[in-house]
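Each chain gets a letter, A, B and so on, in the order its sequence line appears, and its residues count up from 1.
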Amino acid sequence: MTVKLSNVSKRYGKDFSLKNVSLAFETGKIYGLLGPNGSGKSTTLKLIAGLVYPNGGKVEVDNEEVTRKICRKVAYLTELDMFYPSFTVGEMVEFYVSQFADFDPKKAEQLLQEMKLDPGKKIKQLSKGNRGRLKLVLALSRKSQVLLLDEPFSGLDPMVRDSIVKSLLSYINFDEQTVIIATHEIDEIEPLLDEAIVIFYGDIIGQKNVETLREEEGLSVLEWFKSTAAQMEGKK
Amino acid sequence: MTKDFQASKPIYIQIADQLSSQIVRGEISAGEKLPSVREMAIQSGVNPNTIQRTYSEMERMGIVETKRGQGTFVTENEQVLKALKLRLQTDIIGVFVQNMKELGFSQEEMIEGIQQYCRREQA
C-alpha cells in the first residue's frame, strides 16, 4: 500500500473532522473521495500531504510516517487559489522547479502548450478556468508517488473540465502513481475512478470498486452515494 | 470527451458494446488495429483499467486479438464477426419484443406490425 491511514482521528477544536478512519490506497489506481461539503474530504488529503497532523492514529506514505517532509513524495492540488498574483505563469513553473526535485520542466512546458497557457502572462491576468488549468499543470508535472487533487473541477466550465480529465488520463503514470481525487461532483469523475470512497461527517461509510458496484448492484456511484448518504441522514 | 454512461451497466461492457456495433456497422474493419489502451481511455474519458477490461473481455469473446508488442486488432475470423452481428440483432429484437409485450401486443400483432412497417418503408 502506498498510502495508509490507520485509526486516524482529527479534531479541529472540539469538532471531529475524522473519526477513527482506516483507509489504504494502492499504486496504479484512481480513488474518488466523495462526500458532501464539510464531510472531511479535504482533511483526509491534508493529512496525507502532511499539512495537518492526526490527533490519533497513524498516516503513512510509502511506509514512512507522514511529516511535513512528505511533500517530496506527495503532490497536492489545493482547492484554494495558492498563486502569487504578480508572478507570471513561467515564474510559477520556475518556483516549482526550485521547490520540488521531482518536478519535470519539460512535462510542464508540454502541458502548458496543450492547455494553451502563455508562460509570459501574469497570474492575475488569468481567468479562473486558466488558473484551474495551471494548478493541474503544476501538480501533474511532478513525478510524485502520490497525487492528491482537492476539488479539481470546482467552478470550472465543461470545456475546462474535459481538458482536465484528458490531461489526467494522458499524464498520470499508472505504473508509479496513486491518485486520490476529493470531490462532491461525482458524475463528473465516475468514469475516471477505480474505487469510490464515501465519507460522511467524519466517517467512512463505504468503499466500492466502481465497476463491481455496477455489475453486482446495478448502481452508479452517484446512486449508491445518494442511497448510502440518505441512510446515514436517517440515522442522525 | 467524457461520454455519458448508463448507470446500471458496467462501463467496460458499455464500451465493448459500442466497439462491437462499430465493428458490425463496418466503421471499424476486420483486422484493423484498435487504439492503445491509453489512447482509448483519453478518447472516451474513462480509467485505463476499465479499457483494459473492455479489451480483455472482447478478446475472451474472440472479437479482438492482442498481438504481443503490436497492440489489439479486430479479428479477421468471419464466423466470429457474423456471430457478433447476429448477437446484436438478437439484443435489439429482445428489447423490441419486451417493449411490445409491455404495450400489450401479441406475437402475431408484432409480426404483422413489422411487416406493415417494412412495406411502407419500401414504398
Looking at Ala41(B), Pro10(B), Ser8(B), which one has more heavy-atom pairs under 4.5 Å with chain A than the rest?
-> Pro10(B)

Looking only at heavy atoms, the pair that brings Gly45(B) and Pro191(A) closest together is O-CB, 3.6 Å

Flag if over 12 foreign heavy atoms under 6.0 Å of NZ, Lys101(B) | no

NZ/NE/NH1/NH2 to OD/OE distance under 4.0 Å, Glu39(B) and Lys166(A) | no

Kindly compute the distance separating OH (Tyr12(B)) from CZ (Arg214(A)), expressed to the nearest 0.5 Å.
-> 12.0 Å

Under 4.5 Å between any side-chain heavy atoms of Ile13(B) and Glu215(A), yes or no?
-> yes

Atom CD of Glu195(A) and atom CG of Asn47(B): how far apart are they, to the nearest 0.5 Å?
-> 10.5 Å

Thr50(B) backbone acceptor or donor facing Glu211(A) side chain under 3.5 Å | no

From OG (Ser170(A)) to CZ (Arg38(B)), nearest 0.5 Å | 7.5 Å

Nearest-0.5 Å distance that lies between atom CG in Leu192(A) and atom CG in Asn49(B) | 11.5 Å

Greater than 12 external heavy atoms within 6.0 Å of Lys135(A)'s NZ = yes

Count the heavy atoms of every other residue, nucleotide or ligand shown that sit under 6.0 Å from NZ of Lys143(A), and state whether that count exceeds 12.
-> no

Are any non-hydrogen side-chain atoms of Leu169(A) and Pro48(B) less than 4.5 angstrom apart?
-> yes

Neighbour count above 12 (heavy atom, 6.0 Å) for Phe100(A) CZ = yes

Is the number of heavy atoms from other residues, nucleotides or ligands within 6.0 Å of CD (Glu27(B)) greater than 12?
-> yes

Within 6.0 Å of CD in Glu78(B), more than 12 heavy atoms from elsewhere = no

Does atom CD of Glu102(B) have more than 12 heavy-atom neighbours, drawn from other residues, nucleotides or ligands, at distances under 6.0 Å?
-> yes

Heavy-atom proximity to chain B below 4.5 Å, by part of Leu193(A) = backbone

